[in-house]
Amino acid sequence: MLFPLDSNTPRSKIFECLNCELLFFLQASITRDRFSRQLFSDAIGQECWDNTPTKKKFKAVWDQLPTNQADKQAFFDLINNSQDVSLLFSDKAAVIPRVQPQGLSDALKNLTTHLFTRTKKLAGIIRITTESIEEHYQQYIRLNNELCYLCGTAALSHNRFNVDDDDQWVSDYDHLLCKDKYPTFSCHPDNFIPTCHICNSKAKGAKDALYDGTTRRKAFYPLPPLTQSFYRKVRLKPVFAQLDDYAADGNSNPLRSAQITYFRATPDEREMIKAWVDLYQVPERVSERIVSNFCEYISGDCTPEDFKDFCDQVERKSRREPIDLKSTEWKFWWFRLYEWLNSQAEEVKRDAWALIDWKQQQVNNDNNAFETYGI
């Protein structure tokens with residue numbers, strides 16, 4: 001997790017109640033010998049019972065449960081004793097619930113996925129929990145802003161003026177433990193946060209947060225009580241092309257690379273950072289943006305008139321964190337670039353300025369050509 005979430009970030013009431021209903025159902029099943037209304041709670045349970053698709057998914061799990069009480073009790077204990085999701089991220093010895101046999105695992109996955117995607121939308125569920133997913137999302141962004149806290153590169157969604165919370169758009173909710181590998185947690189309120197579309201659907205997909213191949217690993221857990229992050233340890237180091245080489249080979253990128261390093265990270269932090277890199281591929285995305293847009297961004301953001309003006313603006317922009325560091329797309333990463341530039345010797349700054357000045361001249365030449373030909 002790049003940025004820390006607010007310690008008061010709320011759980012989703014809907015998923016808190018649906019997860020409790022799942023536990024209620026599994027516990028009630030221990031002493032029952034047939035599928036009936038008695039397996040469900042009074043309020044949320046009634047809504048699940050009355051909704052045919054949801055009831056069918058519960059029935060499918062019932063059909064796959066063990067037939068004797070001891071095994072049913074053991075299955076319930078397996079699920080109930082692993083409700084602390086944060087522990088799985090911080091303690092590699094914590095037991096991960098593995099559901100067997102495959103038929104029971106598939107039925108549980110189908111049920112929890114249905115609860116997450118469909119049951120949450122039932123009017124009765126929303127009425128009882130007094131909160132829709134849209135309303136939960138609005139509470140989340142009021143505390144944490146509308147920037148993806150995993151990458152700091154993209155907005156989660158865009159609120160519209162004078163539109164009720166319940167009608168605003170909602171970003172993707174990323175399962176920290178993916179649904180395919182950890183069906184037990186598909187509707188667990190401590191297993192997901194709003195993320196940008198790139199982090200959730202393009203980068204992470206169904207990758208496993210807790211394993212690097214077959215090796216168990218620690219990973220950042222962003223939600224309370226841990227709210228782990230490492231943005232203060234991130235550093236950005238660009239490698240500049242020489243101006244002569246840049247102009248001669250026609251390379252459109254003034255940078256050869258933009259390397260991300262981690263200042264004074266502990267071994268545990270490095271292990272968690274590696275998991276973050278594997279899951280969300282943020283360094284690759286950041287490097288591409290910095291390399292591709294360096295001249296255009298610095299020129300547009302600073303509009304430097306000469307080398308001295310360039311140095312003065314770099315010093316000013318790196319002096320303190322901008323107030324929108326955690327709310328504006330890419331702001332954090334460009335700020336880290338300014339910090340690096342300001343810390344460099346004059347020779348390095350002159351190399352950077354030469355590239356920016358050269359680029360500005362190319363743009364001016366193009367604009368003059370357009371005016372000459374009346375374009």
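Computed from heavy atoms alone, side chains included, the values below leave out hydrogens, waters and symmetry copies.
Checked by atom type and distance alone, the side chain of Asp309 pairs as donor or acceptor with a backbone atom of Glu305 at under 3.5 Å. Trp333 places a side-chain N or O within 3.5 Å of a backbone atom of Cys151 that can act as its donor or acceptor partner. Here the side chain of Arg118 pairs no donor or acceptor atom with the backbone of Thr113 at under 3.5 angstrom. No donor-acceptor pair under 3.5 Å is formed between the side chain of Asn342 and the backbone N or O of Tyr338. Side-chain N or O atoms of Gln313 include one that pairs as donor or acceptor with a backbone N or O of Cys302 at under 3.5 Å. Between the Ser201 side chain and the Ile198 main chain, no donor and acceptor come within less than 3.5 Å of each other. At least one donor-acceptor pair closer than 3.5 Å links the side chain of Thr112 to the backbone N or O of Lys109. Using modelled atom types, no side-chain atom of Gln259 and backbone atom of Lys237 make a donor-acceptor pair closer than 3.5 Å. A donor-acceptor distance shorter than 3.5 angstrom exists from the side chain of Glu135 to the backbone of Ser132, with no hydrogens or angles considered. Using a distance-only test at 3.5 Å, with no hydrogens or angles considered, a donor-acceptor pair links the side chain of Lys72 to the main chain of Arg32.
You'll find the side chain of Phe185 reaches within 4.5 Å of the side chain of Ser82, heavy atoms only. With a 4.5 Å cut-off on side-chain heavy atoms, Phe75 and Leu65 count as touching. Cys178 places none of its side-chain heavy atoms less than 4.5 Å from the side chain of Lys207. Within the 4.5 Å cutoff, the side chain of Thr153 has no heavy atoms near those of the Cys199 side chain. Counting heavy atoms from C-beta on, the side chains of Val234 and Ile260 come closer than 4.5 Å. Between His188 and Arg11, some side-chain heavy-atom pair lies under the 4.5 Å cut-off. Arg216 has its side chain within reach of Leu88: a pair of non-hydrogen atoms, C-beta onward, lies under 4.5 Å apart.
In the displayed structure, Arg142 atom CZ is contacted under 6.0 Å by more than 12 heavy atoms of other residues, nucleotides or ligands. By the neighbour-count criterion of 12 heavy atoms within 6.0 Å, atom CD of Glu347 is sparsely surrounded, having that number or fewer from other residues, nucleotides or ligands. Counting non-hydrogen atoms of neighbouring residues, nucleotides and ligands closer than 6.0 angstrom, the CG atom of Asp42 reaches no more than 12 such neighbours. Within 6.0 Å of NZ on Lys202 lie no more than 12 heavy atoms contributed by other residues, nucleotides or ligands. Counting non-hydrogen atoms of other residues, nucleotides and ligands closer than 6.0 Å to CZ of Arg34 gives a total of 12 or fewer. Heavy atoms from other residues, nucleotides or ligands lying under 6.0 Å from CZ of Arg320 number 12 at most.
Side chains of Asn159 and Gln138: a donor on one and an acceptor on the other come within 3.5 Å. Using modelled atom types, one finds no donor on one side chain facing an acceptor on the other under 3.5 Å when comparing Asp174 with Thr195. Side chains of Asp77 and Gln73: a donor-acceptor N/O pair is present below 3.5 angstrom, by distance only. No side-chain N or O of Tyr182 forms a donor-acceptor pair with one of Asn191 less than 3.5 Å apart. Checking Gln46 against Arg37 by side-chain atom types alone, a donor-acceptor pair falls below 3.5 Å. In summary, the side chains of Asn51 and Glu47 do not present any donor paired with an acceptor at a separation below 3.5 Å, with no hydrogens or angles considered. No hydrogens or angles considered: a donor-acceptor pair under 3.5 Å links the side chains of Gln83 and Asn19. Side chains of Asp172 and His197: a donor on one and an acceptor on the other come within 3.5 Å.
In this structure, Arg160 satisfies the cation-pi test against Trp169, with its NZ or CZ atom closer than 6.0 Å to the six-membered ring centre and inside 45 degrees of the ring normal. Both cation-pi conditions hold for Lys120 and Phe116: the charged atom is under 6.0 angstrom from the six-membered ring centre and inside a 45 degree cone around its axis. A cation-pi arrangement is present between Arg350 and Phe307 under the rule of less than 6.0 angstrom and at most 45 degrees off the ring axis.
Atoms CG and CG, on Asn144 and Leu156 in that order, are 9.0 Å from each other to the nearest 0.5 Å.
Of the candidates Phe24, Phe58, Trp62, Phe40 forms a ring pair (Phe, Tyr, Trp, His ring centres under 6.0 Å) with just one, namely Phe58. Evaluated for a ring pair (Phe, Tyr, Trp, His ring centres under 6.0 Å) with Phe220, the options Phe230, Tyr149, Trp276 yield exactly one hit, Phe230.
Using bins of under 30°, 30° to 60° and over 60° for the plane-to-plane angle, the ring pair Phe25/Phe35 lands in the perpendicular bin. Using cut-offs of 30° and 60° for the angle between ring planes, the Phe15 and Phe192 rings count as perpendicular. Between Phe332 and Phe3, the ring-plane angle classifies as perpendicular under the 30° and 60° cut-offs.
Between Leu177 and Ala209 the shortest heavy-atom distance is CD2-CB, 4.5 Å. Closest non-hydrogen pair, Ala275 versus Lys218, comes out as CB-O, 3.9 Å. Pairing each heavy atom of Ile356 with each of Ile298, the nearest pair is CD1-CG2, 3.4 Å.
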| task | Output, in order, the C-alpha distance, side-chain angles, deciding distance and verdict of salt bridge (charged side-chain N to carboxylate O under 4.0 Å, His left out) for Lys308 and Asp312. | result | CA-CA 6 Å; Lys308 181 178 182 307; Asp312 289 344; 2.9 Å; yes

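Cluster membership for Ile193 and Leu279, using ILVMFWY side-chain heavy atoms within less than 4.5 angstrom, is shared.
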